Amino acid sequence: MADSKKAKQNHEEENPFEEMIKRLDVAAKIMKLDSEVYEIMKKPSKLVYCSMPVKMDNGKTKVFEGFRVVHSTALGPSKGGVRYSTYVNENEVMALAAWMTFKCAVADIPYGGAKGGITCDPSTMSKGELERLTRAYTNAMVDVFGVDKDIPAPDMNTGPQEMAWIVDEYSKLKGGFTPGVVTGKPIHLGGSLGRSEATGRGVMTATMEAMAKMGLNPAKCRAAVQGFGNVGSITAKHYEAKGLKIVAISDHTAAFYNPDGIDIDKAIKYRNSNKGVIKGFKGGKLISNEELLTLNVDVLAPCAMENQITDENAAKIKAKLIVEGANGPTTDEADHILSKKGTVVIPDILANGGGVTVSYFEWGQNRSGLYMTEDEVNTKADHWMKQAFHNVWNTSVKHKTTMRIAAYIYALGKIELGIKSRGHY
Ligand code: NAD
């Protein structure tokens, strides 16, 4: 079987939605969550599938599959990114949507959770093909999306350009310019200053709060960062600025180790001039992604994708602190191994909430027409992240549980209030 086929099959066999349910079960039991609320949380509230015929540059038509899952609107309109990937499937999007529900509640943002995905390989598509596909997806989801209904944003392999196409197509279909229907837009179309760095910056803030609690001095610590896209590279840049030595970085093409510290600026420049990948970078020794995860470091930031830390490698992990920039990088079995070892894991639904926080600021700015400076955005976002961190930390102390389960408990407590006070049929 070809490697890419095998990887796709492996990805299909993984079920991140089940991983989400396992954590939900533990949190629900500890906090004695209302059984009706538990049943509601276990299922997405809406799952929309679309098939999109798109004319390719060679004149042939290719049919793509797309999804949008709305997990919950209990606390407000649903919010969540759109992922373009060969591997994206229904289970993955369902899990990602549920994590958005919990993430927004952890960050105290009045949103529910959603996620979208298109099964495609954007690295093999032209800009024109990507534009036609994005417009076809917007057309298919026009009645799902809405400023007060469901608000997409970037995720893996999507960014400001895709968001601009969504705004344009949505605005044309509905009549009237509607920038608030997506976040993560280019600045000139109503995007927020600070949004492109917000997730990585938030990962850094969560890391600094955790290190302070653990008595770790950033200037004396070494870090490894998996994934060198938006989240990974910005996290690494902010870690470096705080004095951490980044000894390893990776992406899906290569991983590099340098005990003297990798120059992150150089790595970013190299990636930007090398079709977005770090393969061939000269700033470190070539290692495998597996080696990166088990290096002798203090902090490990998985910022790539799901199911990277599993029962197969968790026991070998040496980092004292794991901060999840990616969504779902650690399986439930790995969590148990890490918690027994005393490794502190700052979970995705807390650690990478900086992105959705600034998305919420962007949406507010679009609605009010009043725009903030980058400093204002960063100061406000840092404050929200610190607050969320301490809310979860205190919950973990109160219930004597891990930061992950505490984050679920904190989020579920708020969602329970929302569901109970709104009621249902
Ligand atoms: P991106 O597409 O910009 O970057 C993804 C990076 O991961 C790339 O460098 C890619 O090469 C690398 N990668 C993919 N597979 C890998 C593998 N097996 N091993 C090592 N590296 C691998 O995406 P992103 O926006 O940085 O998102 C990364 C993660 O963060 C995803 O889980 C996403 O859901 C999550 N996230 C993103 C945001 C955001 O604002 N962009 C917010 C919250 C969470």
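Just so it is clear, the structure is predicted and the values come from calculations on it, not from any experiment. When a ligand or atom number is given, it counts from 1 through the structure's own listing order.
For atom 21 (N) of ligand 1, the nearest non-hydrogen atom of the protein is D251 C, 3.2 Å. Looking from atom 14 (C) of ligand 1 to the surrounding protein, the closest heavy atom is H252 CB, 3.8 Å. Among protein heavy atoms, atom 3 (O) of ligand 1 sits closest to N230 N, 2.9 Å. At the top of the distance list for atom 18 (N) of ligand 1, counting protein heavy atoms only, stands M305 SD, 3.9 Å. Protein heavy atom closest to atom 37 (C) of ligand 1, with residue, atom name and distance, is V231 CG2, 3.4 Å. The single protein non-hydrogen atom nearest to atom 39 (C) of ligand 1 is T199 OG1, 3.4 Å, given as residue, atom name and distance. Looking from atom 35 (C) of ligand 1 to the surrounding protein, the closest heavy atom is N327 ND2, 3.6 Å.
Side-chain atoms of I21 and F17, non-hydrogen and from C-beta on, do get closer than 4.5 Å to each other. Put simply, the side chain of I278 reaches to within 4.5 Å of the side chain of I249, judged on heavy atoms. A heavy-atom distance below 4.5 Å is not found between the side chains of T343 and K320. In this structure the side chain of K185 reaches within 4.5 angstrom of the side chain of N366, judged on heavy atoms. Side-chain contact between Y170 and V182 is absent, with no heavy atoms from C-beta onward closer than 4.5 Å. Looking at V299 and M211, their side chains come closer than 4.5 Å, going by heavy atoms from C-beta outward.
Counting the atoms of ligand 1 from 1 in the order shown, those under 4.0 Å from a heavy atom of N157 are 2 (O). Atoms of ligand 1 found under 4.0 Å from any heavy atom of R83, numbered from 1 in the order shown, are 31 (C), 32 (O), 33 (C), 34 (O). Close approach of ligand 1 to R195 is summarised as follows: ligand atoms under 4.0 Å from at least one heavy atom of the residue are 40 (O). Short contacts between ligand 1 and N289, defined as distances under 4.0 Å to a heavy atom of the residue, involve ligand atoms 19 (N), 20 (C). Heavy-atom proximity to A304, at under 4.0 Å, picks out these atoms of ligand 1: 7 (O), 13 (N), 16 (C), 21 (N), 22 (C), 28 (C), 29 (C), 31 (C), 32 (O).
At least one test fails for K285 against the ring of F256: distance under 6.0 Å to the centre or angle within 45° of the axis.
Nearest heavy atom pair, residue W384 against residue D108, reads CZ3-O, 3.7 Å.
Atom 28 (C) of ligand 1 has its nearest heavy-atom neighbour, among S123, C303, S85, in C303.
Checked against a 3.5 angstrom limit, the closest N/O atoms of G229 and ligand 1 fall inside it. Between D155 and ligand 1, an N or O atom pair is found at a separation short of 3.5 Å.
Note on ligand 1: P154 sits outside its first shell, no heavy atom being nearer than 4.0 Å.
Heavy-atom neighbours of K341 NZ from other residues, nucleotides or ligands within 6.0 Å: above the threshold of 12.
Looking only at distances, no side-chain donor or acceptor of Y87 sits under 3.5 Å from a matching main-chain atom of E92.
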